Amino acid sequence: MNRFRMIVALVLIYMIFAILLNSVGTVILQSIATFGIDKPEASALERYKDLTIAFTSFLVASFLPMFGYRRSMMLALAIVGGACLLMPLYPSFLTTRLLFACVGVGFAMAKVCVYSSIGLLTTDRIAHSRLTNTVEGLFMVGVLGGNWIFSAFVDPLHPGNPVWFNVYWLLAGACALVIVLLAGSRLDESAAHAHGHNNSFSDSLLEMLRLFVRPLVYVFLASAFLYVLIEQSFGTWLPTFNNEILKLPNAMSIQFASILAGMTALGRIGAGVVLKRVRWHVLLNVCVVAMAVLVMVVLPLARGVVARPHVGWFNAPIAAYLIPLLGLLMAPIYPVINSVALSSLPKPMHAAMTGLIVVFSALGGTMGSYITARVFASFDGIHAFYFSLVPMTLILLTLFLFKRETDRAATTAVPLAAE
């Protein structure tokens with residue numbers, strides 16, 4: 001097994017999907033300018049992405065071990081690469097919707113394979129957590145780079161110019177290169193079929209359904225759902241918030257939004273160091289409370305901003321610099337709860353569990369974007385971001401229940417890891 005080569009491939013796959021998935025905020029902004037559509041219609045792109053992710057994950061997640069993780073990742077990249085090629089060839093909002101549907105299908109397959117492969121490439125919970133945080137951290141590096149890549153293709157004088165579609169030539173080429181890397185790599189997947197797991201489609205489907213009898217699993221899924229609802233609310237609509245509320249130009253709105261991704265990447269990569277000294281549940285609760293405080297302190301600063309003709313990086317509104325600090329605080333939550341849940345299960349069950357993670361994450365993402373879009377359109381972006389305080393309050397409750405269930409599982413006669 002080519003361990004190092006496979007880890008590089010996993011990171012590159014995640015970075016490609018990071019660019020595409022999190023471009024939805026940029027593409028919403030550009031679609032409004034290019035095609036003249038309104039915000040609720042543009043927000044449909046989030047649903048095309050997230051609902052497709054959820055639907056695909058539920059149908060194929062447990063089947064992927066039989067098809068093979070490495071081959072599934074190659075197929076996912078081929079689907080997305082083909083959709084990227086259509087974008088500059090047939091630029092339209094219909095093609096854009098098709099792209100995000102294909103991205104949803106591809107990411108559903110890729111995420112199950114990446115997370116399941118992490119279990120195959122590591123031997124204990126610490127190594128699993130470290131590699132998960134690294135992969136998720138570099139995912140955010142991809143988001144950060146993606147914002148700058150897309151902004152480089154936006155015409156600053158005519159934001160509606162469809163020249164920005166040319167970015168997809170670059171992304172299609174990246175998909176092709178990683179397919180070649182995977183084709184020359186090897187991954188030992190025998191552990192994914194051990195103990196009678198994943199040996200038939202019916203067994204695989206039952207594996208996923210069987211997880212719902214575990215209280216720890218559905219409490220975890222509620223936490224993941226709420227986290228992604230919060231993350232996508234800010235990640236998707238921050239470029240539009242920067243443009244309409246903070247009065248920044250289109251290209252600069254996208255670039256300032258990249259600070260959120262940068263802070264999230266920094267937080268996830270640094271979380272491994274912090275978790276050596278701080279218990280995971282303490283860290284996550286502190287992060288959620290600090291996020292709520294930051295929202296309440298910063299959003300009043302965004303009121304009454306007046307457009308200026310020569311606004312730049314050194315004279316932008318203070319809120320443009322402070323809101324992205326949310327990324328640093330929310331960063332550890334998702335990879336930590338995922339790692340705690342997955343490392344509590346046998347490796348043959350990782351594909352089924354990851355499938356559930358992807359389904360509930362997708363539902364949280366599409367609900368977060370849709371709610372934010374409706375509030376944004378009906379009131380303004382400040383009210384839309386204030387709404388995030390509701391899921392922040394709820395996630396404190398689910399984290400408490402998740403910690404209680406992990407403690408209970410560790411003290412029972414038949415802990416989760418042994419089942």
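Heavy atoms only: backbone and side chains are in, while hydrogens, waters and symmetry mates are out. Since this is a predicted model, take the numbers as computed values, not measurements.
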Can the ring centroids of Y168 and F150 be said to lie less than 6.0 angstrom from one another? yes

Please evaluate residues L98 and Y48 with respect to the criterion side chain to side chain contact (heavy atoms under 4.5 Å, CB included), reporting the C-alpha separation (whole Å), side-chain torsions for both, the decisive distance (0.1 Å), and the verdict. CA-CA 8 Å; L98 175 64; Y48 273 87; over 6 Å; no

Would I323 and L260 count as a side chain to side chain contact (heavy atoms under 4.5 Å, CB included) here? Give the steps. CA-CA 8 Å; I323 291 176; L260 178 70; 5.9 Å; no

In Å, rounded to the nearest 0.5 Å, how long is the span from OH of Y334 to OG1 of T132? 11.0 Å

So which atom in G137 and which in A265 form the shortest heavy-atom distance, rounded to 0.1 Å? O-CB, 3.4 Å

Of L248, L29, L238, which is the lone residue that meets side chain to side chain contact (heavy atoms under 4.5 Å, CB included) with N243? L29

Side chains of S92 and T95, donor plus acceptor under 3.5 Å: yes

List the atom of G267, the atom of P332, and the distance in Å for their closest heavy-atom pair. O-CG, 4.5 Å

What one should report as the nearest heavy-atom pair of C113 and Y69 is SG-O, 3.6 Å

Minimal non-hydrogen separation, R268 against P335, with atom names: NE-CD, 3.7 Å

So does F55 have more than 12 non-hydrogen atoms from other groups sitting under 6.0 Å from CZ? no

Go through the steps for W169 and L85 under the test side chain to side chain contact (heavy atoms under 4.5 Å, CB included), then give the verdict. CA-CA 6 Å; W169 291 113; L85 290 175; 3.8 Å; yes

Compute the ring centroids of F402 and W280, then answer whether they are less than 6.0 Å apart. yes

Taking the six-membered ring of F400 as reference, does the cationic atom of K403 (NZ for Lys, CZ for Arg) lie under 6.0 Å from its centre and within 45° of its axis? no

Please list, chain by chain and in numerical order, all residues satisfying side chain to side chain donor-acceptor pair (under 3.5 Å) with H383, sequence neighbours excluded. D380

Going by atom types alone, do Y218 and E405 pair a side-chain donor with an acceptor below 3.5 Å? no

Measuring from atom CD1 of I149 to atom CG of L171, what distance do you get when rounded to the nearest 0.5 angstrom? 6.5 Å

Of all the heavy-atom pairs spanning A9 and L182, show the shortest one and how long it is. CB-CD2, 3.7 Å

Working to the nearest 0.5 angstrom, can you tell me the gap between L284 CG and M330 CE? 13.0 Å

Working note: V286 + V278, criterion side chain to side chain contact (heavy atoms under 4.5 Å, CB included); need CA distance, chi angles, decisive distance, verdict. CA-CA 11 Å; V286 169; V278 181; over 6 Å; no

Closest heavy-atom contact between C84 and L20? SG-CD2, 4.0 Å

